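Only heavy atoms go into these numbers, but all of them, side chains included; no hydrogens, no water, no symmetry mates. Chain letters run A, B, ... following the sequence lines, proteins first and then strands; every chain starts at 1. It should be emphasised that the depicted structure is a prediction, and the values quoted were computed from it without experimental measurement.
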Protein chains: 4
Amino acid sequence: MSSEKGPDHSRRKERSRQAILAATRALVAEETYEKVTIEAIAARAGVGKQTIYRRWPSKSAVVFAALLALSEDADGQSVALPDTGDLEADLKLVMRATVEEFTDPAFDRLIRALNAEIANDDALAAEYREKLARPLDEAKKARLRSAQRAGQLDVDADLDLVLEVLYAPLFQRWLYRGGPLTAAYADSLVDATLRAFAPRKESGPTPPA
Amino acid sequence: MSSEKGPDHSRRKERSRQAILAATRALVAEETYEKVTIEAIAARAGVGKQTIYRRWPSKSAVVFAALLALSEDADGQSVALPDTGDLEADLKLVMRATVEEFTDPAFDRLIRALNAEIANDDALAAEYREKLARPLDEAKKARLRSAQRAGQLDVDADLDLVLEVLYAPLFQRWLYRGGPLTAAYADSLVDATLRAFAPRKESGPTPPA
Amino acid sequence: MSSEKGPDHSRRKERSRQAILAATRALVAEETYEKVTIEAIAARAGVGKQTIYRRWPSKSAVVFAALLALSEDADGQSVALPDTGDLEADLKLVMRATVEEFTDPAFDRLIRALNAEIANDDALAAEYREKLARPLDEAKKARLRSAQRAGQLDVDADLDLVLEVLYAPLFQRWLYRGGPLTAAYADSLVDATLRAFAPRKESGPTPPA
Amino acid sequence: MSSEKGPDHSRRKERSRQAILAATRALVAEETYEKVTIEAIAARAGVGKQTIYRRWPSKSAVVFAALLALSEDADGQSVALPDTGDLEADLKLVMRATVEEFTDPAFDRLIRALNAEIANDDALAAEYREKLARPLDEAKKARLRSAQRAGQLDVDADLDLVLEVLYAPLFQRWLYRGGPLTAAYADSLVDATLRAFAPRKESGPTPPA
DNA sequence: GATTAATCGAGACGGTACGTCGTGTCTTTTA
DNA sequence: TAAAAGACACGACGTACCGTCTCGATTAATC
């Protein structure tokens with residue numbers, strides 16, 4: 001049958017694809033990033049270099065695909081944030097978890113590698129935003145909208161801006177090693193963000209005088 | 001009276017040093033970053049490769065020094081922020097200027113190159129924080145302290161955190177191309193930050209007079 | 001049926017190999033020997049440096065292989081010396097031809113280059129003796145044996161020694177530029193050698209029949 | 001007055017000169033010849049590179065001067081060959097000693113290094129012949145002339161040719177490692193040479209009729 | 001005995017070539 | 001017929017020496 005072009009080689013295709021992505025993740029996690037070369041990936045995956053070039057245009061794309069595959073495995077499953085009704089508590093929980101993640105050395109290397117590629121490749125940056133960032137951001141915004149409805153967040157707030165104010169300081173501090181990443185720091189970011197976008201009291205008639 | 005470190009036999013030294021940094025800046029500004037190689041820098045500067053390696057351990061360090069030299073030329077001169085007494089106006093002025101800067105393609109390439117190096121090199125990151133970031137941050141914090149004294153900013157605010165909330169979103173949006181960098185965006189960051197760190201009401205009457 | 005060593009995937013291989021050897025010969029013949037660099041050979045041959053290093057361990061080996069290939073092209077064909085029955089005449093013919101060869105500037109440069117490498121590399125010297133010198137020496141010794149049978153040369157003479165006495169003076173005079181290389185000089189070497197290894201009178205009757 | 005150019009700094013001059021030549025000899029004797037660089041010589045001699053370049057035009061010239069100095073130290077002293085009246089015995093003595101010399105590893109390295117330079121540098125070859133080879137050759141020829149007078153050698157023999165026939169085979173065998181250098185070999189060279197240049201029989205009354 | 005000028009050691013400089021590594025393409029062999 | 005294996009042209013890497021060029025610090029000769 002083999003609907004697709006070739007007579008079902010898709011098994012081999014898929015196996016080599018997985019081998020490549022796994023090898024990439026392994027290399028990124030264990031070596032300094034300069035050692036993550038196409039040749040090293042091919043060798044580790046037991047694959048010809050051409051098989052990599054046939055599928056991806058650059059090392060960046062492979063590294064990105066390797067990370068993307070990770071998050072797609074976790075697909076379907078809840079990307080939803082907790083919603084206990086208490087925005088502050090929920091956000092602090094999430095932010096503390098994020099801080100934890102960035103503290104893991106393997107994760108650190110992986111994201112740092114990815115960052116280097118994304119920051120210097122427009123197309124990859126776009127793909128990153130679409131495939132990785134957006135779904136997460138939407139989940140976060142869903143929680144924020146819930147909070148707006150509950151009167152815990154300014155209904156006029158630009159939610160993209162809220163997310164940036166919440167996450168960007170953490171990201172930057174991590175990226176440039178600008179200070180310790182602690183639970184307390186996570187909390188203080190949540191506090192600041194909630195103060196910045198607290199519901200306007202006088203949303204009603206609001207006559208100041 | 002030429003006090004200084006070395007007993008000036010530094011004429012040649014200094015000339016080649018400047019040639020290298022100038023060539024590096026030129027290449028970073030005009031070419032794609034992969035073309036910025038040690039060999040290209042040496043060729044452009046009319047200098048042997050060894051002369052570069054003798055002074056800097058890596059391309060990263062050269063690129064960094066090239067940028068650092070820029071800001072040291074501007075040394076001594078006011079790194080102070082405007083202080084008209086109106087914090088909001090002053091910050092918006094500064095943030096809008098920053099947005100402008102990031103919009104310049106040459107500056108974009110330079111900072112992007114630097115970012116790639118810093119994000120993957122601890123030592124360089126440390127040097128960056130000490131030599132480039134800190135002086136600017138101190139100037140900014142001076143302005144914020146002035147605002148605290150004027151009752152325009154929470155006196156208990158962690159000024160490092162204030163700066164992060166103010167700048168990190170802008171930086172991240174630029175780095176990952178997460179949205180347009182406009183004056184309005186700059187303003188909204190100032191607004192959010194000022195709301196987040198507004199003086200606490202229960203500061204009592206607090207009338208100095 | 002292409003027996004040969006490798007199972008012929010050697011089309012490209014062979015082409016680049018020939019290009020390298022040809023380029024080497026051209027450079028040796030036309031430039032001063034210091035200009036014969038691996039980089040120059042690669043450039044001239046339109047080949048990557050690695051392709052050279054993949055096959056040969058040193059410049060010496062390449063130069064040697066270049067010369068060796070020359071003599072292998074002339075392979076199979078008669079390496080036999082003339083045998084008119086008159087040893088003196090035959091040897092003078094050969095020695096005069098040798099003198100001619102050493103007088104050719106291109107040949108001079110080639111052999112001088114080779115000499116420099118051989119004289120300082122045991123392994124190369126061994127290969128030289130096996131692959132280049134020995135076959136020629138065997139051909140010469142065949143002629144000498146014929147002369148021994150004809151009663152024109154001492155039957156007890158060590159033929160290696162005879163060859164050395166015949167050729168070494170010519171070689172040394174050429175190598176150290178110790179005097180003119182002329183036909184008369186060639187003749188006088190043959191004369192001296194024949195005197196040194198003339199048949200012993202008291203060899204008895206020794207009538208072949 | 002200071003006849004010479006500079007005001008007599010000859011003390012320092014001489015000391016550094018000796019240091020350079022000694023360092024060169026040491027390096028040649030102990031290291032592989034590629035390690036004998038101008039920089040290594042300067043470092044070993046505790047001398048600036050310029051001090052070497054001021055005196056000699058090339059490494060070859062330094063190496064040559066280093067060897068030359070050796071033989072000049074031995075200057076004045078007898079370069080004369082033994083003359084017991086028995087040419088064969090005297091020559092065998094000398095040739096066996098020469099064979100011994102070439103067998104010494106340090107000497108081997110030194111001469112091999114020198115050979116490489118001489119064989120590729122006309123000017124150096126000429127200087128070698130004049131300053132090193134000729135005096136030795138003259139001493140040898142003096143012995144041969146004595147033999148001619150004693151009727152032990154053909155009076156018409158070209159003594160340069162005699163020396164070549166005697167020494168060149170030994171030299172070539174050493175240079176190309178063409179066989180063992182033994183006392184027996186030395187003897188057989190003397191024997192062959194004496195046969196080649198034995199006095200002509202009709203050297204007696206020489207009656208033409 | 002202090003001054004002056006040549007010469008030295010030290011080593012940086014602009015270069016060239018080294019031998020290695022990774023790139024992305026191309027070719028051959030295997031399954 | 002697609003894949004592994006790996007050769008290929010290319011180009012940058014970081015190192016070693018080259019031969020030239022400053023730069024003070026000795027020297028030794030002159031004042």
Here the distance between atom P of E:dG14 and atom CZ of B:R17, to the nearest Å, is 14 Å
note: D:R15, atom CZ; F:dA28, atom C1'; distance rounded to Å ~ 12 Å
### Task
Look at C:S16 and F:dA9 and indicate whether a side-chain polar atom (N or O) is within less than 4.0 Å of OP1 or OP2.
no
Could you tell me whether the phosphate oxygens of F:dC8, OP1 or OP2, come under 4.0 Å of any side-chain nitrogen or oxygen in C:R54?
yes
Rounded to whole Å, the CD-P distance (A:E39 to F:dA12) equals 17 Å
Closest of E:dT25, F:dC18, F:dC13 to the A:Y53 side chain is E:dT25
Rounded to whole Å, CZ of A:R44 lies from P of E:dG22 at a distance of 14 Å
Rounded to the nearest 0.5 angstrom, the OG1-NZ distance for A:T51 and A:K49 is 11.5 Å
Does E:dG14 have OP1 or OP2 under 4.0 Å away from a side-chain N or O of B:T51? yes
Axis-to-axis angle for the helix from E:dG1-F:dC31 to E:dA31-F:dT1, ends of five pairs each, to 10°, equals 20°
Practice problem: Report yes if a donor N or O on one partner sits less than 3.5 Å from an acceptor N or O on the other, where the partners are the side chain of C:K49 and the base of E:dG19; otherwise report no. | Solution: yes
In whole angstroms, the gap separating C1' of F:dT15 from CD of D:E34 amounts to 16 Å
Regarding F:dC10, can its base be found pairing with the side chain of C:Q50 as donor and acceptor, where the two atoms are less than 3.5 Å apart? no
Assert: residue with more 5' nearest nucleotide on DNA chain F, out of C:A45 and B:A40, is C:A45
Residues B:R44 and B:L27: closest non-hydrogen pair is NH2-CD2, 3.6 Å
Assess whether side chain to side chain contact (heavy atoms under 4.5 Å, CB included) is satisfied between B:N120 and A:R112, documenting all intermediate values.
CA-CA 7 Å; B:N120 288 289; A:R112 227 167 261 282; 3.7 Å; yes
Using a 3.5 Å cut-off and no angle test, enumerate the donor-acceptor pairs between side-chain atoms of residues 60-70 of chain D and protein atoms at least two apart in sequence or in another chain.
| unit_1 | atom_1 | unit_2 | atom_2 | d |
| --- | --- | --- | --- | --- |
| D:S60 | OG | D:E117 | OE1 | 2.7 |

Pair C:L114-C:V28, side chain to side chain contact (heavy atoms under 4.5 Å, CB included): steps then yes or no | CA-CA 10 Å; C:L114 192 64; C:V28 168; over 6 Å; no
D:I38 atom CD1 is separated from E:dT16 atom P, nearest whole Å, by 20 Å
From the candidates E:dG19, F:dC18, E:dC13, the one with an atom nearest any side-chain atom of B:K13 is E:dC13
Between the CD1 atom in D:I41 and the CD1 atom in D:I52, the distance rounded to the nearest 0.5 Å is 5.5 Å
Taken to the nearest whole Å, CD1/A:I41 to P/E:dG22 is 12 Å
Q | Residue-phosphate contact under 4.0 Å: B:R55 side-chain N/O, E:dC13 OP1/OP2 | A | yes
Taken to the nearest whole Å, CD1/C:I20 to C1'/F:dA9 is 11 Å
Residue set satisfying side chain to side chain contact (heavy atoms under 4.5 Å, CB included) with A:R17, at least two apart, ordered chain then number -> A:E14, A:L21, A:R55, A:W56
